[in-house]
Structures are given as structure tokens and as C-alpha cells.
Amino acid sequence: MIQRIKELQKLVEEFSPVNIAEIEEFRLKFLSKKGLITELFNDFRTLNPEEKKIVGVEINKLKQFTTDKLNELKSSLVVSDNSEVELDLSRPGDSFKLGTRHPISIVRNEIISIFTRLGFVVGDGAEIEDDDHNFSKLNFPDDHPARDMQDTFFISSDMNVLLRTHTSSVQAHEMSELKPPIRSLAPGRVYRNEAISARAHCLFHQIEGLYVDKNVSFADLKQTLDYFAKEMFGEKTKIRLRPSYFPFTEPSAEVDVSCTLCGGKGCNVCKETGWLEILGCGMVDPNVFETAGIDPNVYSGFAFGMGIERITMLKYGIKDLRLFFENDLRFLEQFNTAY
Ligand code: PHE
């Protein structure tokens with residue numbers, strides 16, 4: 001009998017009528033006094049009490065399922081004047097699920113919003129650059145390793161056209177094309193010829209900041225970055241600057257924030273140091289000013305650049321960079337924010 005119940009269940013499941021008449025026909029065949037399900041109830045009487053316990057539940061389930069399905073089918077169809085069946089056009093439509101923003105966009109927008117509060121404006125630059133703006137105007141010596149094939153994707157065989165390796169190319173443009181004061185931000189994609197791993201990718205995102213005016217000092221840079229770190233990672237966040245080298249800034253520094261997980265006590269995220277590196281920065285090198293036609297005796301400025309993936313990984317505790325590029329919905333749907 002269980003077998004028979006299963007067969008009927010399958011028939012009900014597969015039933016897809018095109019009009020009300022078919023639904024009525026089906027109802028008669030299954031649920032009327034002589035219907036197939038009613039017949040099951042007759043056979044049921046002949047079973048012993050043990051069997052009745054099991055089979056009874058199943059028959060009732062089948063009957064309920066069939067009744068529900070027929071009711072549902074009926075309510076989704078209406079009969080028009082000429083008794084042709086059509087869809088109920090007054091039924092509300094199924095709602096669409098809203099998408100979510102990509103975590104890189106969320107964090108990029110957040111970074112932009114922090115710096116625009118300090119008066120920075122967003123600028124734009126091309127991803128395909130010339131050697132001049134990616135390297136020469138930024139004071140890279142001719143034999144600098146960053147120009148090497150291992151790092152840079154060259155597009156032209158004379159190695160003059162390339163995919164920008166950093167958003168600093170935008171500051172090279174702005175300094176030669178705009179007049180100070182300049183206070184700009186340049187977010188965008190950058191490319192480096194690196195093997196793809198959990199910590200590196202051949203394509204990633206940076207955001208560059210540039211401030212040029214009279215009397216801009218290193219203290220201004222520090223204050224700006226301190227404000228950024230506190231807004232981004234929380235009030236208690238501290239920053240520390242370590243001397244570093246970039247061809248286009250002098251002095252240059254790398255900036256760490258107190259560990260976003262342990263707050264500076266030491267844990268496995270910060271490798272027990274209490275600090276996490278987030279960006280590079282420095283005072284614009286006078287050579288860069290001169291090449292751009294800005295008088296370094298009148299103007300000074302600072303620049304900073306950070307990887308958006310890195311900030312996002314720290315903010316959300318993401319361990320593998322590749323997740324950003326795989327477009328796995330199970331990952332992306334976790335970032336449900338209106339930002
Ligand atoms: N362009 C540098 C990099 O890609 C970052 C940087 C930007 C450093 C501006 C100093 C000033 O690593």
C-alpha cells in the first residue's frame with residue numbers, strides 16, 4: 001500500500017493543469033467518493049492495527065497534500081468570460097532580491113567619505129599609462145627595479161605604454177596639469193606581474209591621496225592619517241610611522257595601525273607585534289615638483305597610497321585575497337550594506 005501511496009503522490013506532484021476543467025477532472029479522479037484516494041481509505045480498513053498506524057499517517061498526508069495543491073492551483077487561475085483560463089493579472093509580482101555591494105566598493109566608498117570630510121576631492125586617471133607618468137615624472141631612476149618586466153605589464157614593445165603599477169600616476173598628472181592648492185584622491189585598479197596567491201594578485205585596487213599647498217608639513221600628513229585610522233578602524237586606533245623609501249617622496253614612511261583584532265597586545269593576525277602595516281606615504285620630493293613645473297621653494301605637499309584590498313581584509317578579517325575576484329555569492333552576500 002505504501003508503494004501505491006507513493007505512486008499517487010507522484011501523480012499529484014506532476015499534475016500541471018492548463019485550465020479549471022482539468023483541475024475539476026483531477027479532483028474527481030482523486031478525491032470524489034469513488035476517487036483513487038478514497039479507495040485507499042477503503043483498503044485501509046482491511047489492515048491490522050500495527051499496519052494501520054503507519055499507513056494511516058501516509059494516506060492523510062497524501063490527502064492533505066492533494067487538497068492543498070488543488071486549492072492553490074484554483075486560486076492562481078481565473079476563468080474569463082469565455083471560460084478560457086488565463087493568469088490572474090491582479091496578483092502581486094514576485095519581488096526581486098536586491099544585490100549587495102562588493103566589499104572593495106564598500107571600503108573604497110568609506111575611505112573616500114572619510115577624506116572628503118577633510119576637503120579632498122576625487123580625481124580619475126587612466127589604467128593604461130605611459131612610462132613618464134607611471135615612473136619618470138615620479139623620480140624613478142632609469143634602472144629602478146619596479147620598471148622591470150617582473151613587475152610591470154608592458155603593452156608596447158618599446159616599453160613606453162603600460163598598465164599602471166600604482167595610482168601615483170594620477171598625482172603625476174595632477175601636478176603637471178593643475179595649479180596648487182591641490183587636495184585630491186585617486187582610487188582605482190592597478191596591475192603588477194605577480195603570481196596569484198592568498199596575499200598577492202596581478203590586479204588590485206589602490207587609493208592615492210595628494211595635498212599640495214603652501215606650508216604643508218609632515219605634521220599635517222601625520223594628523224590626516226591619524227584621523228583616517230580612527231575613523232576607519234575605531235577611536236582607540238593608534239598609528240605609527242616607520243622610515244621608508246619611495247622615489248617620489250622624501251622623507252618617506254610606512255604607516256602601521258595598532259592591530260584591529262587585539263588592539264596592540266599581540267596576536268596571530270599581527271604576528272605578535274601589535275601592529276599592522278596599512279600604507280605608504282611621504283612629503284612630495286622636490287624633484288617631482290620641479291618636473292611638474294611647481295616651485296618647491298614656494299609649495300610643499302604630502303602623498304599617501306594604500307591598497308584597498310588590504311584595508312578590507314583587516315576590517316572584515318578576510319584571510320584570502322582571491323575571494324575578492326571569484327564572485328562567489330556566498331562570500332559577496334555577507335556584505336549587505338547600503339554604503
Ligand atoms: N605608490 C606607492 C605604492 O604603490 C604608495 C605610495 C603612494 C607611497 C604615495 C608614498 C606616497 O606602494
Side-chain angles (χ1 to χ4, degrees), residues 108 111-112 115 118 120 122-123 125-127 129 131-141 144-148 150-153 162-176 182-194 199-213 216-218 220-226 228-229 239-257 276-289 291-292 294 296 299-311 313-314 321:
R108 182 201 54 207
I111 298 171
I112 291 176
F115 284 109
L118 295 176
F120 284 79
V122 179
E127 288 172 30
E129 261 303 349
D131 175 280
D132 241 16
H133 290 89
N134 197 78
F135 295 128
S136 297
K137 281 178 185 287
L138 291 168
N139 200 32
F140 277 80
H144 195 282
R147 291 174 183 245
D148 200 285
Q150 281 161 20
D151 271 312
T152 310
F153 287 116
L162 45 87
L163 292 175
R164 69 177 174 194
T165 59
H166 52 181
T167 41
S168 303
S169 57
V170 183
Q171 60 160 291
H173 277 283
E174 283 172 340
M175 280 190 273
S176 25
I182 303 168
R183 204 182 298 183
S184 81
L185 279 179
R189 288 195 197 115
V190 299
Y191 302 83
R192 286 184 200 175
N193 192 1
E194 293 201 28
R199 317 200 62 209
H201 211 287
C202 55
L203 149 72
F204 58 102
H205 299 76
Q206 282 190 335
I207 189 161
E208 180 99 359
L210 172 70
Y211 180 30
V212 182
D213 203 350
V216 178
S217 70
F218 200 87
D220 295 328
L221 169 61
K222 246 176 94 176
Q223 179 57 37
T224 304
L225 297 178
D226 189 57
F228 165 70
I239 62 166
R240 116 182 143 172
L241 279 74
R242 285 176 290 106
S244 184
Y245 172 77
F246 299 103
F248 38 95
T249 47
E250 180 58 36
S252 303
E254 258 156 327
V255 177
D256 299 339
V257 287
L276 297 163
E277 187 192 320
I278 56 159
L279 58 82
C281 65
M283 302 305 290
V284 179
D285 192 299
N287 285 343
V288 174
F289 275 142
T291 324
I294 294 175
Y299 291 103
S300 55
F302 64 70
F304 57 86
M306 66 188 98
I308 302 179
E309 277 80 357
R310 171 130 185 99
I311 306 283
M313 288 167 93
L314 294 179
L321 189 80

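Start at 1 and go down the list; that is how both ligands and their atoms are numbered. Here the structure is a predicted model, which is why all the values come from computation and not from measurement.
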Assess whether atom CZ of R199 is packed by more than 12 heavy atoms of other residues, nucleotides or ligands within 6.0 Å. no

Polar side-chain atom of N134 near backbone of R164 as donor-acceptor pair, under 3.5 Å: no

Give a yes/no on ligand 1: does M306 have at least one heavy atom closer than 4.0 angstrom to it? no

Do T165 and ligand 1 have an N or O pair less than 3.5 Å apart? no

Among Y211, F228, F115, F248, ring-ring contact (aromatic ring centres under 6.0 Å, His included) partner for F304: F115

Does ligand 1 have an atom that lies less than 4.0 angstrom from a heavy atom of F248? yes

Side chain, backbone, both or neither: the part of S168 lying under 4.0 Å from ligand 1 by heavy atom: side chain

State plainly whether the residues R310 and E277 are in salt-bridge range, i.e. N to O under 4.0 Å. no

Taking both backbone and side-chain atoms of T249, is any N or O found less than 3.5 Å from an N or O belonging to ligand 1? no

Could you tell me which atoms of ligand 1, counted from 1 in the order shown, lie closer than 4.0 angstrom to a heavy atom of C281? 8 (C), 10 (C), 11 (C)

In Å and rounded to the nearest 0.5 Å, what is the CG to CD1 distance from D226 to I239? 4.5 Å

E208 to ligand 1: N or O pair under 3.5 Å? no

In this structure, does ligand 1 have an atom that sits under 4.0 Å from one of the heavy atoms of R192? yes

In ligand 1, which numbered atoms sit nearer than 4.0 Å to a non-hydrogen atom of A303? 9 (C), 11 (C)

Side chains of H166 and Q171: donor-acceptor distance under 3.5 Å anywhere? no

Which of the numbered atoms in ligand 1 are under 4.0 angstrom from any heavy atom belonging to G305? 6 (C), 7 (C), 9 (C)

Hey, can you tell me if Y245 and H144 have their rings parallel, tilted or perpendicular (30° and 60° cut-offs)? parallel

Is it the case that the side chains of S136 and D131 hold a donor-acceptor pair, with the cut-off being a distance below 3.5 Å and no angle test? yes

Give the atom numbers and elements of ligand 1 that come within less than 4.0 Å of a heavy atom of Q206. 3 (C), 4 (O)

Quick one: look up the protein heavy atom nearest atom 12 (O) of ligand 1 and list residue, atom name and how far away it is. F246 CE2, 3.9 Å

